[in-house]
A.B. asks: 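Before I ask anything, here is the structure I am working with.
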Protein chains: 4
Amino acid sequence: MIKVGIIGATGYAGAELVRLLLQREDVEIVWYGSRSYVGQDFASVYRNVVHLTDEPCKDDDMATLAEIADVIFTATPQGFCASQVTEEILSKTKIIDLSADFRIKDVNVYEKWYKISHATPQFIPEAVYGLPEINRDKIKNARLIANPGCYPTCSFLSVYPMVKEGLVDPNTLIIDAKSGTSGAGRSAKVDSLYCEVNESMKPYGVATHRHTPEIEEQLSYAAGKPVTISFTPHLVPMNRGILATAYATLTRPVTTEEVKAVYDKYYGNEYFVRVLKPGEVPQTRWVEGSNFADVAFKIDERTNRIVMMGAIDNMVKGAAGQAMQNMNLLFGLPENTGLKQIPVFP
Amino acid sequence: MIKVGIIGATGYAGAELVRLLLQREDVEIVWYGSRSYVGQDFASVYRNVVHLTDEPCKDDDMATLAEIADVIFTATPQGFCASQVTEEILSKTKIIDLSADFRIKDVNVYEKWYKISHATPQFIPEAVYGLPEINRDKIKNARLIANPGCYPTCSFLSVYPMVKEGLVDPNTLIIDAKSGTSGAGRSAKVDSLYCEVNESMKPYGVATHRHTPEIEEQLSYAAGKPVTISFTPHLVPMNRGILATAYATLTRPVTTEEVKAVYDKYYGNEYFVRVLKPGEVPQTRWVEGSNFADVAFKIDERTNRIVMMGAIDNMVKGAAGQAMQNMNLLFGLPENTGLKQIPVFP
Amino acid sequence: MIKVGIIGATGYAGAELVRLLLQREDVEIVWYGSRSYVGQDFASVYRNVVHLTDEPCKDDDMATLAEIADVIFTATPQGFCASQVTEEILSKTKIIDLSADFRIKDVNVYEKWYKISHATPQFIPEAVYGLPEINRDKIKNARLIANPGCYPTCSFLSVYPMVKEGLVDPNTLIIDAKSGTSGAGRSAKVDSLYCEVNESMKPYGVATHRHTPEIEEQLSYAAGKPVTISFTPHLVPMNRGILATAYATLTRPVTTEEVKAVYDKYYGNEYFVRVLKPGEVPQTRWVEGSNFADVAFKIDERTNRIVMMGAIDNMVKGAAGQAMQNMNLLFGLPENTGLKQIPVFP
Amino acid sequence: MIKVGIIGATGYAGAELVRLLLQREDVEIVWYGSRSYVGQDFASVYRNVVHLTDEPCKDDDMATLAEIADVIFTATPQGFCASQVTEEILSKTKIIDLSADFRIKDVNVYEKWYKISHATPQFIPEAVYGLPEINRDKIKNARLIANPGCYPTCSFLSVYPMVKEGLVDPNTLIIDAKSGTSGAGRSAKVDSLYCEVNESMKPYGVATHRHTPEIEEQLSYAAGKPVTISFTPHLVPMNRGILATAYATLTRPVTTEEVKAVYDKYYGNEYFVRVLKPGEVPQTRWVEGSNFADVAFKIDERTNRIVMMGAIDNMVKGAAGQAMQNMNLLFGLPENTGLKQIPVFP
C-alpha cells in the first residue's frame, strides 16, 4: 500500500489527484491538505466523493507528512513547495511538485518570469522534469520530481519528434494554445465567473506567459541549442482540455509518410501518446478525463511549414494524471497503473 | 471472460457501453454492431478508443451473435429488440435491452404511447425491469432484462421511498425533469445542433412523453394502486446529466429526520444511491461519468408538500452503467464491478 | 432629453440598463454609479461600450443625483434603495428600483423572507409594482416603482390569465423555474465560477426562495384571495434566460381553444407578451436579448391539470428592459420605445 | 423605403439579415427566400420574429425578385449566386452576395480552392470586395458586392495596418483563428451536433481552408506584392464570435506607441473598428451581437515578432452586419444606420 499525502487537495488539480488515487486499491490517501478548508470533510467540498471518503482536510505540514507518507504531491501555488522542502524531508519521502518551482534549471529565468525569489535553489539541480516520455529513467530514481505544466506537456509532445530530428527550425516555432477554464483554478475571481467565460474567447499572457521558458528549456535540450519561441495561450469556454497548434518552418522537404514514421519512432511504444493517422486532427473531446495525448501534423508545401497539433486533458496528462504516472515510475509499477480510464464522450 | 455483443454500438448509449466494458479485464467485446458504420473501425467513429480496439463494426445479426456471446446489449431504436428476439436466442444467451420494448407489462399501454405495434408480446411477461435497487433478485435469474429509461431511473429513485411508505399521495406527484442533450442521441437533426441547443432551454413532450407510463407503472407497484402523474422533461445545454425535481402532497406531517430515515432505510446499503444530508441538493456535476444517483428532499410546511430531488448521469446510471450493473448481477459478480468510476469534476 | 442616473451600474442588471439606454437618442446617462469602480471609466469595466462612452464611474449619492436626473434606476442589493429614499428625493425625481425593497406590501413578509429590516416602510404604500401588463395606469403616475423580480415576471405572466379567470385552483400551483447564471450577479463567488456551473444543473432555495412571496402576492390580487404556491428555482448553464414551467389543477374541463382565447384576451394587445400557438413551447433562445415574454400552455386531461410555460430574458424583461418599459410609461412615451430589439439567435 | 430581398433567408446568416433588417423603419423585406421552407411562415422557422412578420418563405427566383427589390442579398451556398446572376438582373437591382463567388479575382484560384467551376466569370472583374474599411468608395457605386468571409474580415482587419505600412514581412504571417459554431451553418450534420461540439475544440481545414486565398489576395493588395500565409481555423464551443491571433516578423524595431499610432491612422475614424489600448486584448464577448471589430497587438522583442489580434461577431461584422453596412453605402446612408447595436453581455 502506497501512502500518499496531498498538499493543496482542494484546488482543481488536487481534487483530480484525489479522484484518480481514490480509485486505486494499492494506494491510501493519508492526508488531504487544504489551508482553506481545514477541519471540513473533503467530501463536503468535492461532493463527487460523497460516501467514498470521510476524511477531513488538514492544514499544510510537510514535515509531519514526510513521516507518514511514501510520496507527497504538492498542488500548490508557485513558491510553496520551494519554501517547504528540506534535505530531511527528501531523505524520508518523495515529492512530486505540480507547481513550477523546480521545473526550470536556471533559477534566474525562474525568478524573472515568475517574479518571486526561489527559497531553495540548492534542490533545483537534482529535481527531475517529470515528463515520462523523455525522462523515464531519471524519474525512477528521483527524490524530487517537477511535474510539467499543462501547456508545456501538450506543446512539447506535439513538436518534440520534429525538433529532435532537426526537421524544423526550432526558432521559427509559434505555438498557439487553447485551454479550458479549469486551468485558471478554483479561486473566486470575476474573470473566472461563468458569465464572463461562457460564450467568449480571449488570448492572455501574450508574449509573457510563464510556461514559455519551460517549453523553451525542454526544446533546447531536444534541439541541442538555445530555442526561443512565440507562445500564446487562449481561454476557451469549456471545462477541460488543451489544444496546441504549432507552426514551424521545415529544414528540408519531407513527405507525410516520412514525418509519420518520425512520430512513430518516438511514440510508437508509448501507451499515452497516440499518433493519429494522417488527415486526422486532435480534438480535446477524445482525450477528456484520460491521460492520453493525441498528436498529429499537416505539412503545408505552400509555405514550407508544418503544422503540429496536440490535445490533452489539462487536469490529467496536464497535471494529476501525469503526476500519478510519475508516481508509478517512482514505485516500480507499470506506468499506466490506475490510468487506463477511457476518455468520456460526450 | 464474459463475451459481450453490442447491437447499436455507435449510438451514444452503445458507445458508453464500449467505454465501460473495454476498461474491464474480465469482459471481451466480441461484436460492435452498427448498421450505419458496417466495415468501419469502431475507433474511427469514436476516437476516444483509438489504439484501444481495432475491431470493425458489424451489421446487426442477433442470431449469429447469440452463438458467440454470453450476453447481448441492444442499444437500438424502439421496436428493434422486440422484432429480433426469439425463444432460440433466449435459450442461448442473455439479452439486456436498453430500449423500451420490454419495460411495460401492458402491451396496449406500450403500443399507445410508442405508436408502434409490439412484434413479440409473448416475451413481455418474463422480461425483468432492470432496476437493481428494487428488482435485484429477479434480475439475477432473468433471460431478458428491460433496462430502465433514463428519466424513469432518476425519477423513480428520487420518490420511491416516500411512495412505498405511503407518506405522499402518489396521484399528486408532479415530476419536472431536466436532461442534458446526449439523451437526444446522435442522429443528425436540426433541433440537436449545437447552435440550437446552446444557450437555450425548453420543455418538450409536455404531457405526452413516453417515459410517463414507465414511471407510473413502477410507482403503481410501489404504491399498491394505480398511479397517474404529471411528467415534463426539459432539454438543458449540457452533455450529460438528468435532474429530477418532484413535488407531492404529504399524507401526514413529517419531520426531516423521519424522512431522512425513510430514505436511509431503502438506500442505506445501496452502493450507487447516495442520500445527501438534509440541506444539500443534488447537482448533476457530482455524478457525471459515474453510476451514482444522488437523492435529497426538502419538506415545505407552508404547502404541505415535499420536494424530492435526484441527479444521475443519463448515459451511465440512466443507460449503459445500469445495463452493466445488470450484467454483473446476471453473472454473479459484485454489482459495482467495473463501475467504481468516481464522478469527473469539473 | 431624459436625464438618467444609474446606481449600481456595474452589476449585470446595471450594465444591461446602460446597454439599452445608450442606444437611445432621447436619453442621456448622467451618472454611472458604482461603489466598486469609482473613478474608473465605465467602458474599462464593460468593454462592450468602448468608444461609446468615456464617462467614469461615480460613487452612490442619491441626493446629488436627484438634483440632476429625471429618473434614477437603483440596481443595487436589497436594502440599499430603502435606506436612501427620502420624501425630498421623491419630490424631485422618479425612482425605479430593481431591488425587492418596495415590491411587497406587507413589510413583515418582506422582513421575514429577506432577513433585513426595512428602513423606510412609509414609502411602501405608494410604490407601484412595475409590471406594465397589469399595472400600466398606476405606473404612469408613480414616483416610486418597484421593478419586478425576474422569476416573478416570468412566472406571473405565464399563469396570470388562468388564475384571473378562475380556471385553475391557485393553491395547487407548482412553479418549477430555471434560470441562466447572470441572475446570480457579478460577485466573485466559487459557486458562480465557470467550472462550477458549466455542465451542471441544480435546484436552489428550495421552498425558501425570496421570490416566492412576491409571486404569491401578485397572484393573490389576481385570484381575489390568498394564494400559497410551491416555487423552485434551478441554475442552468447558460448566460441568460428564464423558463418557468407551472402546473395547476383545472377547476373545470376546458378545451385548448378556450384557453387560447383566455390568453389572447389578456395578452392579445400586448407588444411584449407573445402567446404561442397551441403545440408550441417557449424556448429561451427565442427571447434572448429582447424584452419579449413568450407564453404557452398544454392541457393534460389524464391528470386534470394544465401546464403553463413562459420564457423571458432575465436581464431584459426580467430586469433592465422592464425597467426601461416602466420609464417609458413614466415619461408618456410609447411603451416599446428603445425596446424593439429582436431576439439574437443563435 | 428600401425594398430588400433575401435568398437563403433561413440559414443562420440569412436569419441574421432578417433580424437586422426587420428592426429598421426605412427597409422593407419583400422576399424571404428559402428553398427548404417554401410556403412556411418565416416566423415558424425562426421564432425570434414571431408576431413581427407573418410573411411566408418563397422559392429562390432571382429574376422575379430583381423586378421588385432594390437590393438582393444572397446568403446561399457557393456557386448559387454565380449561377443566377445576369446582366439583366444587375441592370435592375443591386446584389450583395454573402457567398465566396465573387470575392476572388483570379477565377482559377477560386475554382481550385472551392472545387467548383464558376458559372459567370464575366462578372468577377466588376464585383467589389465589400470591406468598407478599405473599399468604401468603390462599394458606393457597385452593382455587385462580394461580401467578405468571416475569417478574412477578422484576419485582415487585425493585420492590415502593419502590412500596409511594411512593418511586418507578410510572408511570415501565421494566422490562427478560432470561431464559434454558427459559422458551420444550420445543416443537420453529426459534426455540428451539440454533444459533438460542446466541451471540445478542434482545428479543421488545416493548410487547406478556402478562406486562405481570400485573405492572401487582400493582403497582396496591401503589401503590393504576392503574399502567402499559414491560416488555421478552429471550432470553439460557443455560438458566435471569431478571434484571430496573427503572428509576423517585424521588418524593423518598433515601439508600442509607434504601432498604436499606425493602427489609429487606419482606424481612428472608423466607427466599427475599435483599436484597444495597449495591454488590452480582444475578447469575443465584447463584440457579440454587434458590428464592431476590436483589434489589438503586442510586440514580442524576444522573437522580433508582433502578435496581432482581432475579434468580431461572425454573424454580424463577419456576415449580415457587414452586408447591411455595404447596403447603407450603396444607398447613400450613414454607414452605421441600423447597426448601432451595442454588444450583448453577458
Side-chain angles (χ1 to χ4, degrees), chain A residues 12 15-16 18-25 41 43-53 180-186 198-199 237-240 267-268 270-277 280-283 285-290 292 294 311 313-316 340-346, chain B residues 12 15-16 18-25 41 43-53 180-186 198-199 237-240 267-268 270-277 280-283 285-290 292 294 311 313-316 340-346:
Chain A
Y12 286 147
E16 184 72 351
V18 172
R19 179 177 79 91
L20 294 172
L21 292 164
L22 259 187
Q23 295 184 74
R24 293 179 65 154
E25 316 258 307
D41 284 353
S44 73
V45 185
Y46 281 87
R47 286 178 27 206
N48 50 339
V49 294
V50 159
H51 289 198
L52 302 179
T53 173
T181 303
S182 54
R186 210 193 193 200
N198 188 40
E199 292 297 290
M238 57 187 199
N239 284 349
R240 288 168 177 245
Y267 299 138
E270 293 293 341
Y271 182 83
F272 292 121
V273 184
R274 305 191 293 193
V275 181
L276 302 182
K277 292 179 191 161
E280 293 180 339
V281 291
Q283 306 185 30
R285 71 185 185 211
W286 299 126
V287 298
E288 188 178 340
S290 83
F292 290 113
D294 285 0
D313 183 321
N314 58 306
M315 302 301 292
V316 191
K340 293 184 187 167
Q341 291 87 2
I342 293 177
V344 177
F345 173 81
Chain B
Y12 286 147
E16 184 72 351
V18 172
R19 178 177 81 91
L20 293 172
L21 292 164
L22 259 187
Q23 294 183 76
R24 293 179 65 153
E25 317 257 309
D41 285 354
S44 72
V45 184
Y46 281 87
R47 286 178 28 206
N48 51 339
V49 294
V50 159
H51 288 198
L52 303 179
T53 173
T181 304
S182 55
R186 209 192 194 200
N198 188 40
E199 291 298 290
M238 57 188 198
N239 284 349
R240 288 170 177 245
Y267 299 138
E270 293 293 342
Y271 182 83
F272 292 121
V273 184
R274 305 190 295 192
V275 181
L276 302 182
K277 292 179 190 159
E280 292 181 339
V281 291
Q283 306 185 30
R285 70 186 186 208
W286 299 126
V287 298
E288 188 178 340
S290 84
F292 290 113
D294 284 2
D313 182 322
N314 58 307
M315 302 301 293
V316 191
K340 293 184 187 167
Q341 290 88 2
I342 293 176
V344 177
F345 173 80

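What you are looking at is a predicted structure, and each value in this text was computed from that prediction instead of being measured. The chains referred to below are lettered A, B, ... by the order of the sequence lines, with proteins before strands, and numbering in each begins at 1.
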A.B. asks: Of all of A:Leu22, A:Thr181, A:Val50, which one pairs up most often with chain B through heavy atoms under 4.5 Å apart?
C.D. replies: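 With the most close heavy-atom pairs to chain B, the winner is A:Val50.
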A.B. asks: Between B:Arg274 (side chain) and A:Asn48 (backbone), is there a donor-acceptor pair under 3.5 Å?
C.D. replies: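 Judged by distance alone, yes, a pair lies under 3.5 Å.
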A.B. asks: Does any heavy atom of chain B fall under 4.5 Å from the side chain of A:Gln341, the backbone, both, or neither of them?
C.D. replies: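 When you check distances to chain B, atoms from both the backbone and side chain of A:Gln341 fall under 4.5 Å.
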A.B. asks: For a side chain to side chain contact (heavy atoms under 4.5 Å, CB included) check, start with the C-alpha distance between B:Leu52 and A:Phe292, then their side-chain angles and the critical distance, and finish with the verdict.
C.D. replies: CA-CA 11 Å; B:Leu52 303 179; A:Phe292 290 113; 3.9 Å; yes
A.B. asks: In Å and rounded to the nearest 0.5 Å, what is the CG to CZ distance from B:Asn239 to A:Arg285?
C.D. replies: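 Separation between the atoms: 10.0 Å.
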A.B. asks: Using a cut-off of under 4.5 Å for heavy-atom pairs, which of A:Ala15, A:Pro343, A:Ser182 has the most such pairs with chain B?
C.D. replies: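 Of A:Ala15, A:Pro343, A:Ser182, A:Pro343 has the most heavy-atom pairs under 4.5 Å with chain B.
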A.B. asks: Nearest heavy-atom pair of B:Val281 and A:Arg47: which atoms, and what distance?
C.D. replies: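 Where B:Val281 meets A:Arg47 most closely, the heavy atoms are O-NH2, 2.6 Å.
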A.B. asks: Could you look at A:Phe345 and say if it's the side chain, the backbone, both or neither that has a heavy atom under 4.5 Å from chain B?
C.D. replies: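 Its backbone and side chain both get close to chain B.
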A.B. asks: Taking B:Pro346's backbone N and O only, do any of them form a donor-acceptor pair with A:Arg240's side chain (distance below 3.5 Å, no angle check)?
C.D. replies: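 A pair under 3.5 Å: yes.
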A.B. asks: Which region of B:Val49, side chain (C-beta onward) or backbone (N, CA, C, O), has a non-hydrogen atom less than 4.5 Å from a non-hydrogen atom of chain A, or is it both or neither?
C.D. replies: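 For B:Val49, the contact with chain A is made by backbone and side chain together.
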A.B. asks: Is chain A contacted by the side chain of B:Val316, its backbone, both, or neither, given a heavy-atom distance below 4.5 Å?
C.D. replies: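 B:Val316 has no heavy atom closer than 4.5 Å to chain A.
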A.B. asks: Taking side chain as everything from C-beta outward and backbone as N, CA, C, O, which of these in B:Leu20 sits under 4.5 Å from a heavy atom of chain A? Side chain, backbone, both or neither.
C.D. replies: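 Nothing of B:Leu20, per the 4.5 Å heavy-atom cut-off to chain A.
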A.B. asks: Most heavy-atom pairs under 4.5 angstrom with chain A, which of B:Arg186, B:Glu280, B:Glu288, B:Lys277?
C.D. replies: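 Of the candidates given, the most pairs with chain A belong to B:Glu280.
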A.B. asks: Which heavy-atom pair separates A:Asn198 from B:Glu199 by the least distance, and what is that distance?
C.D. replies: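 Closest approach of A:Asn198 to B:Glu199, heavy atoms only: ND2-OE2, 2.7 Å.
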A.B. asks: Roughly how far, to the nearest 0.5 Å, is the CD1 atom of A:Ile342 from the CD atom of B:Gln23?
C.D. replies: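 B:Gln23 atom CD to A:Ile342 atom CD1 measures 4.5 Å (nearest 0.5 Å).
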